[in-house]
Amino acid sequence: MNDRPSIPTRRLAADAAGVAEAARLLRAGDLVAFPTETVYGLGGDATDPAAVAKIFAAKARPRLNPLIAHLPDRAAALDRGAFDDHAQRLAAAFWPGPLTLVVPATVRTDVCALARAGLSSVALRVPASGLARDLLAQVGRPVAGPSANASGRLSPTSADHVLADLAGRIAAVLDGGDAPVGVESTVVACLGGAPRLLRPGGITRAAIVAVLGCDLAGDEAADPVRPAGPGLLASHYAPRARLRLDARHVEPGDAVLLFGADQPHGLDRAGAVVNLSPRGDLAEAAARLFAALRALDASGAAVIAVATIPATGLGEAIMDRLRRAAAPR
Ligand code: TXA
Ligand code: MG
């Protein structure tokens with residue numbers, strides 16, 4: 001990863017000039033990381049195989065793992081796939097917002113085959129972030145955007161996180177401050193039959209079931225060792241330190257990730273401590289998750305002990321990310 005020529009990565013401000021410059025770079029085939037409400041995306045023109053190839057190279061991401069195409073509004077997204085009844089309902093309820101729909105591609109799908117990893121389906125998303133939507137409208141083409149981290153590492157929720165992983169490998173990052181949701185979008189496949197949850201995320205399972213009025217197919221999303229979709233590998237979102245989940249006690253020197261008022265035994269022996277939400281709020285915890293893991297990792301501890309976090313509501317996405325971070329590498 002060190003043999004690539006280094007390019008100066010610019011930090012663009014979240015103003016009209018910054019957005020215009022980001023759009024110009026994307027239209028020219030360069031890579032620009034951009035903020036969404038979930039995490040920062042590593043943007044490239046989804047219609048241009050050369051730009052998409054640069055995304056895979058910058059992230060060192062396996063090319064078998066397809067990318068999400070981002071659109072500025074619902075109409076632009078609906079135009080690029082075949083939406084059955086379920087997909088239409090979910091799009092109406094949750095776009096713009098932290099939901100990605102995987103639907104069959106059509107002849108009107110201009111997301112290139114490389115971005116789709118050669119699949120006959122396409123992953124589409126309309127982010128809620130106003131800055132992202134301004135940018136996407138100015139680009140005027142779908143923008144492919146995986147999370148803007150090195151493949152397999154923690155997702156970025158700030159421009160600083162992006163630069164820590166990708167400085168020298170991308171043209172610019174549009175700095176929109178901290179991402180408010182903090183975990184990635186929920187990915188739902190609507191490919192005929194019952195919709196399938198491929199990745200829990202910013203929209204809860206309960207909210208999706210309520211809109212659909214029917215159950216989701218299967219439940220592979222709950223099982224990190226049996227991937228439901230390409231790229232949903234067990235080991236992912238990995239800090240350098242080893243994670244110990246549901247920790248009831250702290251070993252000397254452990255870094256500790258807390259939630260709510262519970263205190264594991266021996267907390268006074270901890271090296272570093274972060275509480276995701278002292279008041280036990282899962283939305284607050286999700287927003288802080290990746291920054292907290294980065295901070296605890298930076299403490300140099302060999303182990304991050306993670307207290308019990310309920311896997312309900314947004315906790316399902318939080319625990320999904322933590323289980324993948326804890327999986328053997
Ligand atoms: O919140 C998010 O979704 C962020 C922001 C930047 O939008 N993006 C993101 O992208 O998390 P990425 O590439 O890290 O995750 C996309 C997931 C992957 O697990 C990929 O395998 C899955 O979506 N995916 C994409 N296209 C698919 C397809 N056609 N079929 C099945 N899964 C697909
Ligand atoms: Mg990712």
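For clarity, every value in this text was computed on a predicted model and none was experimentally measured. Side chains included, hydrogens not; waters and symmetry mates left out as well; all remaining heavy atoms used. One-based numbering, in listed order, for ligands and for the atoms of each.
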Q: Have a look at V102, V143, N149 and point out the one with the heavy atom closest to atom 30 (N) of ligand 1.
A: V102
Q | Worked verdict on D178 versus T157 for side chain to side chain donor-acceptor pair (under 3.5 Å) | A | CA-CA 6 Å; D178 289 344; T157 54; 5.7 Å; no
**Q.** Contact check, side chains of L67 and R61, non-hydrogen atoms, under 4.5 Å
**A.** yes
Q) Does S155 bring an N, O or S atom to within less than 2.8 Å of the Mg ion (ligand 2)? A) no
Q.
Under a 4.0 angstrom heavy-atom cut-off, which atoms of ligand 1 come close to G41?
A. 6 (C)
Q) Would I309 and I304 show up in the same hydrophobic cluster when neighbours are defined by side-chain heavy atoms closer than 4.5 Å? A) yes
Q.
Contact between ligand 1 and R116 is defined here as a heavy atom of the residue under 4.0 Å from a ligand atom; is it met?
A. no
Q: Pull out every atom of ligand 1 sitting under 4.0 Å from any heavy atom of L119, numbered as shown with elements.
A: 28 (C), 29 (N), 30 (N)
Q: Sequence neighbours left out, what pairs pass side-chain hydrogen bond (donor to acceptor under 3.5 Å, both in side chains) with at least one residue falling in residues 114-124?
A: none
Q: Select one of side chain, backbone, both or neither to describe which atoms of R196 lie under 4.0 Å from any atom of ligand 1, heavy atoms only.
A: neither
Q) Applying side-chain hydrogen bond (donor to acceptor under 3.5 Å, both in side chains), which residue pairs with at least one partner in residues 253-266 are found, sequence neighbours left out? A) R244-D254
Q: Return yes if some donor-acceptor pair links the side-chain N/O of S147 with the main-chain N/O of G41 below 3.5 Å, else return no.
A: no
(Q) Pairs of nitrogen or oxygen atoms closer than 3.5 Å, one from N65 and one from ligand 1: do any exist? (A) yes
Q. In ligand 1, which numbered atoms sit nearer than 4.0 Å to a non-hydrogen atom of P146?
A. 10 (O), 12 (P), 13 (O)
(Q) With heavy-atom distances below 4.0 Å as the criterion, list the atoms of ligand 1 near R61. (A) 12 (P), 13 (O), 14 (O)
**Q.** Between N149 and R153, a side-chain donor and acceptor under 3.5 Å
**A.** no
Q | Basic-acidic side-chain contact under 4.0 Å: R141, D110 | A | no
Q) What do you reckon, does A189 put a non-hydrogen atom under 4.0 Å from ligand 1? A) no
Q) Are any of the N/O atoms in E184 less than 3.5 Å from those in ligand 1? A) no
Q | Side chains of R125 and T36, donor plus acceptor under 3.5 Å | A | yes
Q: Out of G201, A179, S121, indicate the one that has the non-hydrogen atom closest to atom 29 (N) of ligand 1.
A: S121
Q | Enumerated ligand 1 atoms positioned under 4.0 Å from heavy atoms of H70 | A | 5 (C), 6 (C), 7 (O)
Q: Show which atoms of ligand 1 fall inside a sub-4.0 Å distance from at least one heavy-atom site of I68.
A: 3 (O), 8 (N), 9 (C), 10 (O), 16 (C)
Q | Linked, directly or transitively: I170 and V143 (ILVMFWY side chains, under 4.5 Å) | A | no
**Q.** Nearest option to atom 8 (N) of ligand 1, as decided by whichever heavy atom of G145, A115, G81 sits closest
**A.** G145
Q: With atom 31 (C) of ligand 1 as the reference point, say which of L124, L99, L198 has the nearest heavy atom.
A: L198
